[in-house]
Amino acid sequence: FCQGGAVELTVENGLTTGFSWTRNAILLPNGQNALRITIRETGTYTLTGSFPTCTRLQNQVQVTVQPLPTVTIKASSQTLCQGDVALITVQTEVGNRLRWMREGQEAGTGRSLTTTVGGTYSLTATTPVGCTQTATYLYSPILYRLPAFRLAAAPTQWQNAGIVAGNAPEQPNYRYAWLPPLGVSNPTAARPSFAPPETTLYTLTITDERGCRYADTLRIIVWPRLHVPSAFSPNGDGVNDVWEPVNLSRYPNAECRIYNRWGELVYEGRPATPSFDGSLRGEPLPEGVYTYHIRLNIREAERHGILTLIR
């Protein structure tokens with residue numbers, strides 16, 4: 001039987017003239033001529049009886065008290081930041097069957113539970129021989145709420161131009177981490193400047209003085225800079241034979257026009273056909289100075305300039 005329980009031993013044959021009960025060869029209190037005894041301890045119990053024929057007989061029984069399982073419940077932390085998860089674990093012998101209850105509801109059979117709030121938890125452990133022990137644990141963590149903030153949307157910028165994210169909360173006890181650090185002037189500052197080489201999604205993680213962390217993202221859209229050649233020489237030598245602005249193909253709605261010195265349109269192109277080979281309707285244009293007009297069709301961004309055609 002299990003620790004805390006009891007078993008009763010009874011004399012079944014009443015023909016004896018006298019008998020006694022011993023435990024491990026020691027006479028039990030009130031063990032003389034008792035018809036029944038209640039047992040609560042492990043040991044070898046012996047009943048010795050005397051009969052009218054002067055015969056003495058003994059009967060023995062081995063009683064083993066099975067220990068109860070040990071059950072200790074603890075939480076991984078007594079403080080919780082908003083959104084954090086605590087681990088409620090049990091310390092008990094390997095091989096025991098477990099049954100968790102949370103606020104009176106079934107909660108699992110593993111050696112641990114996760115939670116984001118407090119509550120009353122109980123666990124019943126059962127040994128392989130059927131002995132049970134239940135422990136109850138009141139989990140009342142201190143809950144820290146996180147400051148509510150959202151990073152403001154960043155304006156679209158030219159490549160490597162540099163902008164500042166201006167609304168991250170600045171506190172002397174806060175720690176800041178911007179990831180990825182590429183293009184960030186100071187990845188540990190609340191409001192650094194950004195000059196990413198391409199469109200980038202940044203994550204800002206703020207850790208307060210209690211160790212609570214919260215995060216938000218900032219997407220910076222980058223327009224690649226145009227690099228417009230100032231001259232080209234369409235002479236068939238394979239070097240600078242066409243005029244083509246670098247990165248123009250990155251702007252699908254862009255328009256490109258080239259005019260001669262009299263303002264006549266000699267070329268009109270789109271990102272799909274951005275190259276100008278120095279000809280008009282299949283005839284070579286004379287060398288000289290031309291003007292270009294590039295309209296990107298994003299926030300009215302435009303580029304104007306001159307190019308020289310060299311023969």
Nearest atoms (heavy-atom pairs only) where [X] meets [Y]:
X	Y	value
Leu113	Ala107	CD2-O, 3.1 Å
Cys131	Gln66	SG-CB, 3.5 Å
Ala168	Ala190	CB-O, 3.3 Å
Tyr176	Pro169	OH-O, 2.6 Å
Asp237	Val239	OD1-N, 2.9 Å
Pro234	Arg311	O-NH1, 3.0 Å

Where does the angle between the aromatic ring planes of Tyr174 and Tyr214 fall among parallel (under 30°), tilted (30 to 60°) and perpendicular (over 60°)?
perpendicular
Could you give the distance from [atom1] ([X]) to [atom2] ([Y]), rounded to the nearest 0.5 Å?
X	Y	atom1	atom2	value
Leu123	Gln91	CG	CD	12.0 Å
His304	His293	NE2	NE2	3.5 Å
Met101	Ser122	CE	OG	6.0 Å
Leu47	Leu28	CG	CG	10.5 Å
Asn96	Thr126	CG	OG1	7.5 Å
Leu309	Leu285	CG	CG	6.5 Å

Side-chain donor or acceptor of [X] paired with backbone N/O of [Y] under 3.5 Å:
X	Y	result
Gln60	Thr46	no
Glu209	Asn173	no
Thr207	Gly211	no
Ser77	Ala86	no
Ser249	Asn247	no
Glu255	Arg270	no
Arg303	Tyr292	no
Arg23	Thr42	yes
Asn24	Thr44	yes
Thr134	Thr124	no

Quick one: are [X] and [Y] in side-chain contact, heavy atoms under 4.5 Å?
X	Y	result
Thr79	Pro141	no
Leu307	Val289	no
Leu68	Cys2	yes
Phe194	Thr200	no
Leu204	Leu218	no
Ile258	Leu265	no
Leu27	Trp21	no
Thr205	Leu179	no

According to salt bridge (Lys or Arg N to Asp or Glu O under 4.0 Å), who are the partners of [X], at least two apart in sequence or on a separate chain?
X	result
Arg281	none
Asp208	Arg210
Glu170	Arg191

Counting heavy atoms not belonging to [X], are there more than 12 under 6.0 Å from its [atom1]?
X	atom1	value
Arg97	CZ	no
Arg99	CZ	no
Arg175	CZ	no

When hydrophobic residues are tied together by side-chain contacts of less than 4.5 Å, even through go-betweens, does [X] share a cluster with [Y]?
X	Y	result
Ile88	Val85	no
Val228	Val246	no
Leu35	Ile39	yes

Go through the side-chain N and O atoms of Glu93 and Thr70 and say whether any donor and acceptor fall under 3.5 Å apart.
yes
For Asn186, enumerate each residue passing the side-chain hydrogen bond (donor to acceptor under 3.5 Å, both in side chains) test, keeping only those at least two apart in sequence or located in another chain.
Thr188
Verify side chain to side chain contact (heavy atoms under 4.5 Å, CB included) between Leu226 and Leu296, making sure each step is shown before the conclusion.
CA-CA 10 Å; Leu226 284 183; Leu296 299 179; 3.7 Å; yes
State which residues pass ring-ring contact (aromatic ring centres under 6.0 Å, His included) with Tyr45; sequence neighbours excluded, sorted by chain then number.
none
Candidate pair Ser112 and Thr89, rule side-chain hydrogen bond (donor to acceptor under 3.5 Å, both in side chains), full reasoning:
CA-CA 4 Å; Ser112 63; Thr89 59; over 6 Å; no
Run the ring-ring contact (aromatic ring centres under 6.0 Å, His included) check on Tyr267 and Tyr259 step by step: do they pass?
CA-CA 7 Å; Tyr267 168 79; Tyr259 302 88; over 10 Å; no
Can you check whether Tyr137 and Tyr121 have ring centres sitting under 6.0 Å from each other?
no
Please walk me through it: do Thr308 and Phe232 pass side chain to side chain contact (heavy atoms under 4.5 Å, CB included)?
CA-CA 7 Å; Thr308 302; Phe232 74 114; over 6 Å; no
Verdict with reasoning, Ser20 to Gln32, per side-chain hydrogen bond (donor to acceptor under 3.5 Å, both in side chains):
CA-CA 4 Å; Ser20 61; Gln32 192 71 40; 4.6 Å; no
Starting from the C-alpha separation in whole Å, work towards a yes-or-no answer on side chain to side chain contact (heavy atoms under 4.5 Å, CB included) for Leu98 and Val90.
CA-CA 9 Å; Leu98 308 178; Val90 62; 4.0 Å; yes
I would like to know whether Trp243 and Tyr290 meet ring-ring contact (aromatic ring centres under 6.0 Å, His included); could you show each step before the answer?
CA-CA 12 Å; Trp243 179 87; Tyr290 294 78; over 10 Å; no
Any chance you could pull the hydrophobic cluster mates of Tyr144, using side-chain heavy atoms under 4.5 angstrom and chaining through other members?
Ile142
Begin from the C-alpha positions of Asn59 and Phe19 and carry the test side chain to side chain contact (heavy atoms under 4.5 Å, CB included) through to its verdict.
CA-CA 11 Å; Asn59 191 9; Phe19 51 85; over 6 Å; no
